[in-house]
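Numbered from 1 within each chain, the chains take letters A, B, ... in sequence-line order. In what follows, every heavy atom counts, from backbone to side chain, and hydrogens, waters and symmetry copies are set aside. The shown structure was predicted, so the numbers you read here are calculated from the model rather than taken from an experiment.
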Amino acid sequence: MIDLRLLRDDPDAVRASQQARGDDPTLVDSALDADARRRSSLTEFESLRAEQKAMGKQVAKAQGEEKAELLTRTKHLAEQVKARQAEAQGAEKELDELLYAIPNVVEGAPPGGEADFVVLRHEGGTPRDFAAEGFTPRDHLDLGERLGAIDTARGAKVSGSRFYYLTGIGARLELALLNAAMDQAVTEGFTPMITPTLVKPETMRGTGFLGAHADEVYRLEKDDLYLVGTSEVALAGYHADEIIDLSAGPRRYAGWSACYRREAGSHGKDVRGIIRVHQFHKVEMFSYCAPEDAAAEHQRLLAWEEAMLAKVELPYRVIDTAAGDLGSSAARKFDCEAWLPTQERYLELTSTSNCTTFQARRLGVRERTEDGSTRPVATLNGTLGTTRWIVALLENHQQADGSVRVPAGLRPYLGGLEVLEPVR
RNA sequence: GGAGACGUCGCAUAGUCUGGUCUAGUGCGCCACCCUGCUAAGGUGGUAACGGGGCAACCCGUUCGCGGGUUCAAAUCCCGCCGUCUCCGCCA
């Protein structure tokens with residue numbers, strides 16, 4: 001939820017943000033109108049209510065005829081109060097719905113849509129030249145099957161398309177990656193968390209995932225619960241309706257969870273292998289911090305993502321996502337995309353968003369300021385490792401014989417194993 | 001799945017039967033000040049959030065788990081839901 005004060009004081013800023021996202025700027029005017037109507041009806045209701053309360057006290061004291069007379073007057077007043085209250089509540093609900101429909105105000109993201117991202121830099125060395133090395137690279141599924149690591153056929157048999165089994169070394173590899181991610185997070189002072197993957201509607205709504213991309217989310221209708229697409233949801237909800245102490249700096253959590261995505265509307269896209277799947281695992285960084293520290297915290301999260309990518313020795317680029325491609329709660333987003341040799345393109349491995357106070361406002365996460373008042377905090381999130389990283393790891397570190405070199409950073413998590421050998 | 005108890009201002013608790021004197025009392029904790037050579041003890045005052053109005057001091061409203069209802073008036077009465085605890089049953 002955006003700041004109502006900002007909407008009132010600087011509606012042009014919100015209109016500009018809507019325009020940058022390619023969203024409807026007239027929402028701003030509808031919200032301003034609803035706000036004005038709410039305030040006037042609320043004032044009317046409140047003065048009538050004050051009168052009613054004062055009269056109630058007289059009724060309590062009065063006796064006999066005087067009381068009977070007061071009762072007839074106050075009965076009439078009660079009807080008016082009820083009507084005005086309904087009016088005020090109606091206006092409030094209308095305003096709320098409009099406010100919930102406006103995505104976060106963009107902060108520094110380049111204008112444009114999905115294709116208009118800005119490449120900030122390339123890291124992790126130049127991608128390998130397989131032609132020069134004298135062999136054609138195999139794709140991750142080919143490699144994974146030879147290693148006995150990935151089984152998509154049985155995944156489809158048991159659960160349908162976009163499901164898979166990680167088997168043998170594949171299962172160990174995922175655990176190694178995620179354990180390395182958890183260890184790094186703990187070393188950097190994050191609190192490790194294993195989070196619920198089913199959440200209530202208000203939590204899902206509060207994090208902003210039920211807006212334009214609601215189709216992406218699995219819903220258990222019978223139980224009125226949602227399956228999370230990332231532990232960000234459970235971590236954002238963790239401090240909902242709380243006043244937390246940030247005087248010692250940001251509160252940082254590292255969430256480990258399964259993630260579920262419907263992948264609606266991506267039919268025919270990335271159908272091979274485990275690039276785009278309905279269920280995977282992820283270690284996610286989540287930070288609650290003071291609003292003025294959020295941009296700096298965003299850079300820190302990005303740096304931690306890059307430290308993990310360095311451990312896995314992948315070539316990647318960092319992009320600054322364009323406004324039109326931001327999620328509804330993000331004010332700015334940086335992705336790290338690893339090079340995928342067989343497709344000769346970049347594949348998103350990490351994504352870090354600065355949600356400023358948008359989520360905290362919806363979820364009621366506040367801090368106490370020095371003057372004793374409260375204010376919403378900022379929330380940020382970023383990826384430290386996912387099942388998908390296996391794709392980039394296998395392809396980039398493959399050798400001519402179908403074996404795969406284990407990057408040094410993961411060896412301690414695989415009992416010192418240096419090479420994954422094909423089993424067939 | 002069944003039965004019962006409970007849910008009140010940071011924590012603990014009073015208030016609910018018998019609706020209005022609740023502007024929610026008290027203790028603890030916390031903050032400020034006073035007293036005391038230091039410490040301990042003591043004293044005085046303050047101590048929720050959200051919204052509306054006002055330059056401000058301040059005023060008003062909402063909130064006693066959540067949502068409805070009854071009533072001139074609800075922490076208090078009625079209905080539904082959620083959560084916690086205890087016992088029983090069932091499953092592992």
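Of all nucleotides listed (B:C60, B:G52, B:C72), B:C60 comes nearest to the side chain of A:A50. Taking the side chain of A:R39 as heavy atoms from C-beta on, and the options B:G61, B:C72, B:G53, the nearest nucleotide is B:G53. Of the candidate nucleotides B:G52, B:C50, B:C72, B:G52 has the atom nearest to the side chain of A:R8. Of the candidates B:G52, B:C50, B:C72, the closest approach to any side-chain atom of A:R38 belongs to B:G52.
Comparing B:A14 with B:G69, their P atoms sit 31 Å apart, to the nearest whole Å. Of the C1' atoms belonging to B:G10 and B:G46, the separation is 15 Å, rounded to the nearest Å. As rounded to the nearest Å, B:U23 and B:C82 have P atoms that lie 32 Å from one another. Remark: the separation of the P atoms in B:G19 and B:C78 is 12 Å, to the nearest Å. To the nearest whole angstrom, the two C1' atoms, one in B:A24 and one in B:A5, are 24 Å apart. A distance of about 36 Å separates the P atoms of B:C50 and B:C35, rounded to the whole Å. For the C1' atoms, the distance linking B:G20 with B:C77 amounts to 14 Å, nearest Å. When the P atom is compared between B:A3 and B:U21, the two are found 37 Å apart, to the nearest whole Å.
Positionally, the nearest nucleotide of RNA chain B for A:T374 lies more toward the 5' end than for the other of A:S47 and A:T374. Projected onto RNA chain B by closest heavy-atom contact, A:T43 and A:I243 fall at different nucleotides, the more 5' of which corresponds to A:I243.
Remark: of the listed residues A:E418, A:E421, A:E313, A:E313 is the sole one forming a salt bridge (charged side-chain N to carboxylate O under 4.0 Å, His left out) with A:R405.
Proximity of A:Q52 to the phosphate of B:A73: a side-chain N or O atom is located under 4.0 Å from OP1 or OP2. Put simply, A:R368 has no side-chain N or O that comes within less than 4.0 Å of OP1 or OP2 on B:A48. Between A:K53 and B:U62, a side-chain N or O to OP1/OP2 separation shorter than 4.0 Å is present.
In this structure, CG of A:D241 is placed 12 Å from C1' of B:C66, rounded to the nearest angstrom. In this structure, CD of A:E242 is placed 15 Å from C1' of B:A48, rounded to the nearest angstrom. When rounded to the nearest whole Å, the span between NZ of A:K93 and P of B:G67 equals 14 Å. One can place CD of A:Q89 at 17 Å from P of B:G51, the figure rounded to the nearest angstrom. A:R49 places its CZ atom 14 Å from the P atom of B:C72, with the value rounded to the nearest Å. Put simply, CD on A:E87 is 19 Å from P on B:G61, counting in whole angstrom units. Following rounding to the nearest Å, A:L7 (CG) and B:G51 (P) show an atom-to-atom distance of 15 Å. For the pair A:K200 NZ and B:C81 P, the interatomic distance rounds to 15 Å; values are reported in whole Å.
Pair check for B:G1 finds B:C88; Watson-Crick or G-U wobble, both atom distances under 3.5 Å. The base-pairing partner of B:U76, taking Watson-Crick or G-U wobble contacts with both distances under 3.5 Å, does not exist among the strands shown. B:G51 is paired with B:C60 under the criterion used here, namely a Watson-Crick or G-U wobble arrangement in which both key atom distances are under 3.5 Å. In this structure, B:U70 forms no base pair with any nucleotide, since neither Watson-Crick nor G-U wobble geometry is met with both distances under 3.5 Å. The partner of B:G25, taking Watson-Crick or G-U wobble pairs whose two distances both stay under 3.5 Å, is B:U13. When both pairing distances are held under 3.5 Å, B:A32 makes a Watson-Crick or G-U pair with B:U44. Pair check for B:G7 finds B:C82; Watson-Crick or G-U wobble, both atom distances under 3.5 Å. Pairing of B:U18, defined by two Watson-Crick or G-U wobble distances under 3.5 Å, is not identified with any nucleotide.
Put simply, the side chain of A:H281 never gets that close to the backbone of A:A258: no donor and acceptor are under 3.5 Å apart.
A:R366 comes within 4.0 angstrom of the backbone, heavy atoms only, and of no base. Counting any heavy atom pair closer than 4.0 Å across all strands shown, A:L42 reaches sugar-phosphate atoms only and no base atom. Backbone-only engagement by A:R5 is indicated by non-hydrogen atom pairs under 4.0 Å involving sugar-phosphate atoms exclusively. Among the heavy atoms of the strands, none lies under 4.0 Å from A:E92. Residue A:R361 is out of contact with every strand shown, counting any heavy-atom pair closer than 4.0 Å. When heavy atoms are screened at a 4.0 angstrom cut-off, A:R84 is found touching no nucleic acid atom at all.
Applying the 3.5 Å distance criterion, the base of B:G51 shares a donor-acceptor pair with the side chain of A:E46.
Side-chain contact check for A:Y316 and A:E306: at least one donor-acceptor pair (N or O, by modelled atom type) lies under 3.5 Å.
In this pair, A:F163 and A:H278 present their aromatic rings tilted. The plane angle is within the 30 to 60° band.
Under the 4.0 Å criterion applied to side-chain N and carboxylate O atoms, A:R300 and A:E297 are assigned as salt-bridge partners. Taking the charged nitrogens against the carboxylate oxygens, A:R15 and A:D29 do have a contact shorter than 4.0 Å, which makes a salt bridge. Taking a cutoff of 4.0 Å between a charged side-chain nitrogen and a carboxylate oxygen, A:E92 and A:R38 qualify as a salt bridge.
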Report task. Could you walk me through whether A:S231 and A:E284 pass the side-chain hydrogen bond (donor to acceptor under 3.5 Å, both in side chains) test, one step at a time? Result -> CA-CA 7 Å; A:S231 62; A:E284 174 96 332; 5.6 Å; no
